[in-house]
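One structure is given here, and the rest of the page talks about it.
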2 protein chains.
Amino acid sequence: MCMQLNPKYKTIFKEALEISSLKPTKQREHIFSLILNKKDHPTADEIFTRSRETMPSISLATVYNCLETLVESGLIRQVNFERESTRYCPNLKPHAHFHCKKTGAICDVDLPVSIFNSLKKHLPKNFQPEQIDINFNGSIHKTKNH
Amino acid sequence: MCMQLNPKYKTIFKEALEISSLKPTKQREHIFSLILNKKDHPTADEIFTRSRETMPSISLATVYNCLETLVESGLIRQVNFERESTRYCPNLKPHAHFHCKKTGAICDVDLPVSIFNSLKKHLPKNFQPEQIDINFNGSIHKTKNH
DNA sequence: AAGTGTAATTAGAATAATTCTAAATTAATT
DNA sequence: AATTAATTTAGAATTATTCTAATTACACTT
Ligand SMILES: [Mn+2]
Ligand SMILES: [Mn+2]
Ligand SMILES: [Zn+2]
Ligand SMILES: [Zn+2]
């Protein structure tokens with residue numbers, strides 16, 4: 001039983017792939033819906049494991065292929081921390097990532113576009129940024145609820 | 001003939017290692033001076049190749065060990081782009097990195113501390129950042145000098 | 001000076017995320 | 001149905017990095 005995209009995302013999905021004349025295959029849709037439905041930042045291997053629960057025949061190579069396709073189509077983002085496995089993020093709003101070194105937790109940090117604009121102002125005129133990655137590393141303290 | 005650190009950096013080097021009771025070995029000093037003297041962003045393998053020119057007996061494992069030590073001592077920084085090899089940066093001032101996808105060039109982009117402070121303001125109160133990595137990806141346009 | 005103990009270095013094996021290759025499958029088109 | 005191109009698949013290959021275990025260097029004691 002494959003994951004289903006809701007109609008809104010189904011349209012976004014099809015149109016994004018169509019722009020590059022790529023096909024909306026069931027593997028691509030399955031992986032996209034897995035990432036959309038659980039809004040964490042899974043690795044390719046975690047996505048592979050989750051995929052097999054409902055699509056047991058999918059291969060790891062296909063997971064990698066689909067993820068590459070989804071990233072190139074702008075449907076998801078890649079997130080990298082140091083040399084760890086690449087992670088994938090369905091949040092397309094401007095945001096940064098916070099990586100807790102103690103627990104491994106990864107959190108989205110929403111940022112106003114103004115910060116990205118102000119960062120761009122510090123570049124020489126001939127530098128054309130396509131993407132800006134902002135990663136916080138540190139720790140998340142437990143808040144005491146006594 | 002090993003690389004020599006100038007007296008100012010020699011003191012910084014020794015003191016930084018001493019804090020963690022690590023020894024200022026000639027391999028560690030050699031690698032630190034190589035990185036300081038050519039202010040690019042070399043990979044471990046590039047550093048290994050350069051090291052052997054003047055210290056032919058050094059091993060790749062030692063290069064990795066020394067780099068880890070230098071990073072932990074705060075003498076150099078690690079820089080990562082996507083899944084590429086880790087690179088090393090001697091610039092300890094607050095700055096970002098620009099990665100040109102066409103040429104592979106990597107440039108330091110100096111930033112005022114105020115930008116880092118303003119980024120920190122968007123974190124929840126219980127998030128304690130230790131480091132903030134800012135990476136630009138894009139392309140550097142040649143400026144025409146007619 | 002010789003001996004002891006610890007840290008650092010070394011060579012090579014192991015690891016693991018990702019990419020590659022080539023064959024099989026699927027889907028669209030004639 | 002036959003042809004073609006895109007996609008998926010299994011497994012091999014790649015490669016940056018880490019690990020292991022042996023050797024070396026060096027500070028400290030006798
Ligand atoms: Mn290992
Ligand atoms: Mn290969
Ligand atoms: Zn995210
Ligand atoms: Zn730098």
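Numbered from 1 within each chain, the chains take letters A, B, ... in sequence-line order. What you see is a predicted model, and the numbers here were worked out from it, not measured in a lab.
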Requested in this report: Rounded off to whole Å, could you give me the CD-to-C1' distance for the B:Gln78 and D:dA16 pair?
Outcome: 13 Å
Query raised in the report: Salt bridge or not for B:Glu29 and B:Lys10, using N-O below 4.0 Å?
Result: yes
Requested in this report: Round to a whole Å and report the spacing from CG of B:Asn80 to P of C:dT18.
Outcome: 13 Å
Report summary line: Side-chain contact check for B:Ala61: nearest option of C:dA11, D:dG11, C:dT9 is C:dA11
Query raised in the report: CD of B:Glu82 versus C1' of D:dA16: gap in Å, rounded?
Result: 16 Å
Requested in this report: May I ask you to check whether B:His99 and B:His97 place their ring centres under 6.0 Å from each other?
Outcome: no
Query - side-chain hydrogen bond (donor to acceptor under 3.5 Å, both in side chains), paired with A:His30, selected from A:Thr54, A:Thr25, A:Thr62 - result: A:Thr54
Query raised in the report: What does B:Ser85 touch in the nucleic acid at a heavy-atom separation under 4.0 angstrom: a base, only the sugar-phosphate, or nothing?
Result: sugar-phosphate
Query - Whole-Å distance separating the NZ atom of B:Lys23 from the P atom of D:dT24 - result: 17 Å
Requested in this report: Determine whether B:Phe32 and B:Tyr9 make a side-chain contact, defined as any pair of heavy atoms from C-beta on separated by less than 4.5 Å.
Outcome: yes
**Report entry** Side-chain N,O (B:Thr62) to OP1/OP2 (C:dT10) below 4.0 Å
**Finding:** yes
Requested in this report: Select one nucleotide: of D:dC19, D:dT7, D:dT9, the one nearest the side-chain heavy atoms of A:Leu22.
Outcome: D:dT7
Query raised in the report: In whole angstroms, how far is the P atom of D:dT18 from the CD atom of B:Glu72?
Result: 11 Å
Report task. Select base, sugar-phosphate, or nothing to describe what B:Thr86 touches, counting heavy atoms under 4.0 Å on all strands. Result -> sugar-phosphate
Report task. Remember a base hit wins even if backbone is also touched, and classify A:Gln27 as base, sugar-phosphate or nothing at under 4.0 Å, heavy atoms. Result -> sugar-phosphate
Query raised in the report: When we call it a touch if two heavy atoms are under 4.0 Å apart, what does A:Asn65 touch: a base, just sugar-phosphate, or nothing?
Result: base
**Report entry** Sole residue of A:Arg87, A:Arg52, A:Lys38 in salt bridge (charged side-chain N to carboxylate O under 4.0 Å, His left out) with A:Glu46
**Finding:** A:Arg87
Requested in this report: Starting at atom CZ of B:Arg28, determine the distance to atom C1' of D:dC26, rounded to an integer number of angstrom.
Outcome: 13 Å
Query raised in the report: Within the pair B:Thr25 and C:dA8, is there a side-chain N or O less than 4.0 Å away from OP1 or OP2?
Result: no
Report task. Take atom CZ of B:Phe48 and atom C1' of D:dT18, then tell me their distance rounded to the nearest Å. Result -> 15 Å
Requested in this report: Whole angstrom is fine here: how far is it from OH in B:Tyr64 over to P in C:dA11?
Outcome: 15 Å
Query raised in the report: Considering heavy-atom distances to DNA chain C, does B:Arg83 or B:Ile58 have its closest nucleotide positioned more toward the 5' end?
Result: B:Ile58
Report task. Describe the nucleic acid contact of A:Ser57 in one word from base, sugar-phosphate, nothing, applying a heavy-atom distance below 4.0 Å. Result -> sugar-phosphate
